[in-house]
Amino acid sequence: MNKYAKVVVSNNSNHTDELYTYKIPEFLIDEIKKGHRVLVPFGRGNKPIEAFVFEITSFEEINFKLKEIIDVIDEKPILKERDIEIIKWMREEYMCTFMDAINCMYPKGVRVDNYKVVKLVKEEFDDLEEREKHVLQELINNKRKIKLEYLKNKIGKGIESIVKKLKNRGLVDICWEYKSIKNEKYIYNISLNISNEEVDEIVKVLIKKRAFKQADVMNFLKNNPNIQLRDLMNLLNVSKQSIKSLQEKKLINIEKLNYYRKPKINYIVKNKKINLNEEQLNVLSKLKKTIYKENKKPFLLYGVTGSGKTEIYLNIIEEALKNDMDSIVLVPEISLTPQTIARFKNKFGDIIAVFHSKLSSGEKYDEYRRIKEGHAKIVIGARSALFAPFSNLGVIIIDEFHENSYKSEMNPKYNSIEVAKQIAKLENCILILGSATPPIEEYYKCKTGEYELLELKNRANNKEMPFIEVVDMKEELDNGNKSIFSKKLFEAIKENLESNNQIILFLNRRGYASFISCRKCGYIFKCLNCEISLTYHKIKNVGKCHYCGYEVVIPKECPECKSNYVKEFGIGTEKIEEEVKRYFKYAKVLRMDKDTTSKKGSHEEILNKFKNKEADILIGTQMIGKGLDFENVTLVGILSADMILNFPDFRSSERTFQIINQVAGRAGRAHLNGRVILQTYDTEHYAIKHALNYDYEGFYEDEIKIRNAFNYTPFNNLISVVVYGKNEKKVVDNTQKLYDSIIYILRKRGYEKYDFILGPNPCPISKINLNYRWQILLKDIDIEIKLLKSIIKYICIQKRELIFNKDINISIDINPFNTL
DNA sequence: AGCACGCCGACT
DNA sequence: GTCGGCGTGCTC
């Protein structure tokens, strides 16, 4: 019976994003399985390309002749059944191609090497031009076959037409060939299959048959019981054939070992027992109970800062290991969590694989292999670690799962939480989403019963959360204090410095000032490539664009009106540093933001310095808020909560609440009492009021009402379609066309109200890197999200050429984290 | 996308 | 005539 494979071809194109059917040749029928990588001839020229088998069928569906699969690439399938399910799901969910999703699962880089060759068919020199003869002669000299590329180098331009002419006369043939990259690296270990005593006898027989090489090998093996094939071939200068025939005579064993196979390690779990408190034990026992339960719900682990979530993670992973199950731990940004990683490594040692985005593709592949071969049982890393190829997944943990790094910014623009849920469902494994400030839409799912809520309400050391004092900056201004420090914060810094305690100052913006302008004519320094004002960096006296990296020296004179009234406005971490140094001359200050941590390892360096008390004050942006323990910090100053609050995004309240919570949690973690001072112009805002009391539940209740009233998530989905390109007019026209097409389809389907479509509008950042950006936002109000997606897919992907210009790009994001 | 093929102007 | 440049259309 004929068998057919439906495959996805490895081609970065929207036009080939479908399943292609190939006939499986006789010799591969038993070999090819779902998930295998294969080589198929594709296109008119039958170029051999890599493809992934998604289905195998045995009936003929199509009546035109099918091409045959050339070969399988790997010994074992690359994709598991559930990987294929996830790929299909991601393609639907995020409107990406099969290949976009496959690229998440399988490290790219090692791909098929293909090239065109010219083959000699007939030797006939009559009526040929000089250069044609030359080509023919080359072919005769080179075993009648030459790479086209090689000929191009030898002959130069015009080779294509020469070869074509030769082809038309039937003298040569042009076709594609490939060098198959078999990815598996093997070691062949050779040993005797007979006893040493028998060897001499055998050697005599071999010599009689004039098989001298084989005799050499046998003699060698008598003295060296174990050797690798490669070494044996080099040392004795024997061919593979000689060794093979020895194997056929059953005189030797050839053992195929995987290159990565190390001596099997028995992993040691260090039993430095930390006594869990009652709350933790309770949570843990609930988790353990579900390990073998069918149809698990995802767990939302709501644990206040310092409640010992990590300890729960370590324990449940240990439990999984006992049951021979693997675990995945996602952390927001690997470089920000050295302490967490250290704790995992301490406990589990060698069986941990670490995934960062900064691994080279080779390193990534090595880690991939380690996992695939079962040498790593735990992977810890950023969102890409989610796709680790474990065979028996038991637990997925997403730590600090409110962090927006879990949403991919690149195609496919997936949300790790959603993908994790999908994987957990298919693998029937435990999914733990841990946070001190869960996203509103996720916490909502506890209320609806989609998640099971686990709570850690107390800090492990039983310390109260530090008291947050709020300072109204409007009042400060009325009292004539124009500085960036309120009187209260100023006094507190002074006190803490005197008593030799450490201080953290938090501000959500790097640089010195948020913009630079001329006070006379109002000129504002802007990026040349982006529609964004430049941030002033005083140390280098430059204006920097935080979107494209553009930098320009700021002149004293206004380029517009030539006056001397150029001045910077707003505050950034650089300015805080300057002010602190001005007021507190003897304080030692460290600054941690994107500017001071660009070098590798500079992160840890700053943190270590601060931990070792080499500085009194740490000034920083968001990155100081991530799971760091500093015992001697007794004061945290949040300089301007408004900066986040006034951000033009529906999540800004939530972000504010989260950041205050995170940053405040840095104070007083050990024996000392902490104090937090929060400066804001908006003391009455509900996010700030609830944050002061660490009242997540209260904040949730207020926020969910707003989400409901304005049709935001979790009540509605949002789709953002951004149209961008270098030509502003084309961008505007194309966005309008997109809008018109959506309306046209909706009207045909009987819709009359279109108020769920916002736009077309320019994006809040209307130009980035010379690309003008326009946007249409759609919500699934009174319309099915599926329908909405299918309409957008139809217009933006399937009929793309009909509607959009060639130099126009489209970016579709389902439930984006921001709509800039 | 990326490749093959074909149509058309340019040039020995 | 034929070279090669680009436009067009298809990929099991």
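Predicted, not measured: the structure shown is a model, and the values here were computed from it. Just so it is clear: chains get the letters A, B, ... in the order the sequence lines come, proteins before strands, and each one is counted from 1.
Side-chain rings of A:Y20 and A:Y4 stay apart, their centers remaining 6.0 Å or farther from each other. For A:F54 and A:F98, the ring centers are positioned less than 6.0 Å apart.
Rounded to whole Å, the distance from CG on A:N46 to P on C:dC12 is 7 Å. Here C:dG4 presents its P atom at 11 Å from CD1 of A:I159, a figure rounded to the nearest Å. Atom CD1 of A:I162 is separated from atom C1' of C:dG4 by 13 Å (rounded to the nearest Å). Counting to the nearest Å, the C1' atom of C:dC12 and the CD1 atom of A:I49 are 11 Å from each other. Atom CD of A:E132 and atom C1' of C:dC3 are 13 Å apart (whole Å). In this entry the distance linking CG of A:L148 with P of B:dC3 reads 12 Å, nearest Å. For the pair A:N12 CG and B:dG2 P, the interatomic distance rounds to 8 Å; values are reported in whole Å. If you measure from atom CG of A:L802 to atom C1' of C:dG9, you get 14 Å, rounded to the nearest angstrom.
Among the protein residues, A:F42 comes within range of the nucleic acid bases, having at least one heavy atom under 4.0 Å from a base atom. Among the atoms of the strands shown, only primed sugar atoms or phosphate atoms (P, OP1, OP2) are found under 4.0 Å from some heavy atom of A:K165.
You'll find that the side chain of A:T16 is closest to B:dA1, out of B:dA1, B:dC3, B:dA4. The side chain of A:S161 lies closest to C:dC3 when the candidates are C:dC3, B:dG2, C:dC12.
When each of A:K47, A:K116, A:K147, A:K119 is paired with A:E177, the salt bridge (Lys or Arg N to Asp or Glu O under 4.0 Å) condition holds for A:K119 and for no other.
Distance check: A:Y547 OH to A:I532 CD1 gives 5.0 Å after rounding to the nearest 0.5 Å.
Taking for each of A:K806 and A:R44 the nucleotide of DNA chain B with the nearest heavy atom, the 5'-most of the two is the partner of A:K806. Toward the 5′ end of DNA chain B lies the nearest nucleotide of A:N14, the other residue of the pair A:K116 and A:N14 mapping further downstream.
Checking the phosphate oxygens (OP1, OP2) of B:dG2, no side-chain nitrogen or oxygen of A:W176 falls inside 4.0 Å.
Residues A:R773 and A:E728 are not paired through a salt bridge, judged by the lack of any N-O separation under 4.0 Å between the basic side chain and the carboxylate.
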